[in-house]
Amino acid sequence: MLTTISNIQKYLSQDFLGGPRIVKLSWVINFQKGGTLPLVLLLMYWYDRFTIEAWTYLALHGSYGLCWLIKDFNFPDKRWDIPITLGGAVMSFLLVLGLYWVFPILVLHPGFHPDDSDWSPLLLGTCIFVHTLGVGLLMASDSQKYFSLKYNPGLIREGLFEKTRNPNYLGEMMIYGAYALLARHWLAWIILLWIWIGYFTVNMLMKDRSLSRFPDWLEYKKQSGLLLPKIFPQA
């Protein structure tokens, strides 16, 4: 079942409708990440929302997009540097990446939040706190993974990967969880559940299958969690 779901994902995001592979998946991702800052600015102008909450959302989501571009330029993830079809590029955007752009609409559209006073300082502070930790975790773990595999290919069992096998996914979930908190709308959480269960979980489990080929896999699995850090390793 897991393999079937993974194959469906790959078809939709890489080979949908067939044809030549003339686009890289990383281009689609970078378009969405880098395009978030101007999109949010445009929405702020369109909805005439220049409140503390609007500027906070712009600062968080916009800066994350720029951090991603910096990361991709300096230590890119080879998983995304693959050629895909035009259909695959469209489906990648519609099924996952483009859904993230619903969040600023939920935050800024006056129909969802007509009264700016319903944003509490505690909510804003919590979102900034969680988001900052998430960006730091994502950037640091992707950097560690890139340079570890570059100079010493194999199973990464130390640093941020010692207690959790997917600190980068954990960081990204914290980032978008902060946006969902700011949106304060059920649709944001539906989108995240779709992506976290349908994509992140499948990818993490498939990664576990790949890592199981290493001799020290069982020992590493006992000491680490799939997503959350395992504080008390299994004996």
Side-chain angles (χ1 to χ4, degrees), residues 1-10 13 29 33 60-61 64 67-68 70-72 74-80 96 99-100 103 122-123 125-182 188-235:
M1 175 64 75
L2 182 64
T3 302
T4 301
I5 296 175
S6 179
N7 288 337
I8 293 174
Q9 283 185 9
K10 289 181 180 179
S13 63
I29 297 174
K33 303 291 187 182
L60 294 179
H61 206 163
Y64 168 58
C67 286
W68 179 279
I70 293 172
K71 178 181 78 73
D72 187 70
N74 290 282
F75 41 96
D77 193 325
K78 292 183 178 180
R79 292 179 303 165
W80 315 131
V96 179
L99 296 178
Y100 288 138
F103 289 44
L122 176 60
L123 175 67
T126 300
C127 292
I128 294 171
F129 181 83
V130 173
H131 182 270
T132 302
L133 288 178
V135 172
L137 185 57
L138 173 67
M139 296 287 286
S141 58
D142 273 1
S143 174
Q144 180 187 351
K145 182 179 71 172
Y146 175 83
F147 290 105
S148 294
L149 295 178
K150 180 177 181 179
Y151 296 109
N152 187 27
L155 195 60
I156 307 174
R157 297 185 53 183
E158 56 187 6
L160 291 172
F161 290 84
E162 181 180 1
K163 300 298 183 181
T164 168
R165 301 191 291 280
N166 294 282
N168 43 3
Y169 276 118
L170 178 58
E172 188 158 1
M173 292 171 74
M174 293 171 67
I175 292 168
Y176 283 100
Y179 304 152
L181 284 174
L182 275 175
W189 294 106
I190 293 296
I191 291 173
L192 289 185
L193 286 176
W194 157 249
I195 296 173
W196 291 353
I197 296 175
Y199 285 84
F200 285 14
T201 302
V202 172
N203 290 343
M204 287 188 289
L205 293 175
M206 290 299 293
K207 176 187 173 183
D208 269 10
R209 283 190 180 183
S210 177
L211 295 179
S212 65
R213 72 186 187 275
F214 292 103
D216 49 350
W217 160 247
L218 291 179
E219 181 183 353
Y220 177 50
K221 186 178 181 181
K222 290 180 180 179
Q223 78 176 45
S224 61
L226 177 67
L227 179 66
L228 297 177
K230 181 177 288 188
I231 307 301
F232 303 103
Q234 182 180 346

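- In this structure, Leu170 and Asn166 have side chains that are not in contact, with every pair of non-hydrogen atoms separated by 4.5 Å or more.
- When all heavy atoms of Leu205 and Leu226 are compared, the closest pair comes out as CD2-CD2, 4.0 Å.
- When all heavy atoms of Trp189 and Gly177 are compared, the closest pair comes out as CH2-O, 3.8 Å.
- The backbone N or O of Pro229 sits nowhere less than 3.5 Å from a side-chain atom of Glu162 that would complete a donor-acceptor pair.
- Residues meeting the side chain to side chain contact (heavy atoms under 4.5 Å, CB included) test with Ile191, sequence neighbours left out: Leu99, Val102, Phe103, Leu187, Ile195.
- For the atom pair CG of Leu155 and OG of Ser148, the computed distance is 11.0 Å after rounding to the nearest 0.5 Å.
- Heavy-atom minimum distance, Ser141 versus Leu160: N-CD1, 3.4 Å.
- For the salt bridge (charged side-chain N to carboxylate O under 4.0 Å, His left out) condition, no pair includes a residue of residues 128-137, sequence neighbours left out.
- Across all non-hydrogen atoms, the minimal contact from Thr164 to Ser224 is N-CB, 4.1 Å.
- To the nearest 0.5 Å, the span separating CG on Asn7 from CG on Leu2 amounts to 9.5 Å.
- Note that the CG atom of Asn203 and the OG atom of Ser210 stand 12.0 Å from one another [nearest 0.5 Å].
- Closest approach of Cys67 and Val135 over heavy atoms only: SG-CG1, 4.2 Å.
- For the atom pair CD of Glu172 and CH2 of Trp196, the computed distance is 10.0 Å after rounding to the nearest 0.5 Å.
- Remark: Leu133 CG to Leu138 CG distance equals 12.5 Å, nearest 0.5 Å.
- A heavy-atom distance below 4.5 Å is not found between the side chains of Asp72 and Ile29.
- Across all non-hydrogen atoms, the minimal contact from Phe75 to Met139 is CE1-O, 3.8 Å.
- The side-chain heavy atoms of Ile5 and Tyr199, taken from C-beta on, include no pair separated by under 4.5 Å.
- Screening residues 200-209 for salt bridge (charged side-chain N to carboxylate O under 4.0 Å, His left out) gives Arg165-Asp208 as the qualifying pairs, with residues at least two apart or on separate chains.
- Within the 4.5 Å cutoff, no side-chain heavy atoms of Trp217 are placed close to those of Arg157.
- Sorted by first and then second residue, the pairs that involve residues 125-138 and meet side chain to side chain donor-acceptor pair (under 3.5 Å), not counting sequence neighbours, are His131-Tyr179.
- Contacts classified as ring pair (Phe, Tyr, Trp, His ring centres under 6.0 Å) and involving residues 132-170 (residues at least two apart or in different chains) are given here: Tyr169-Phe200.
- By the 4.5 Å heavy-atom criterion applied to side chains, Lys78 and Leu149 are not counted as neighbours.
- The line from CE of Met173 to CG of Leu227 is 5.0 Å long, rounded to the nearest 0.5 Å.
- Pairs passing the salt bridge (charged side-chain N to carboxylate O under 4.0 Å, His left out) check and including a residue from residues 134-147, sequence neighbours excluded, read Lys71-Asp142, Asp77-Lys145.
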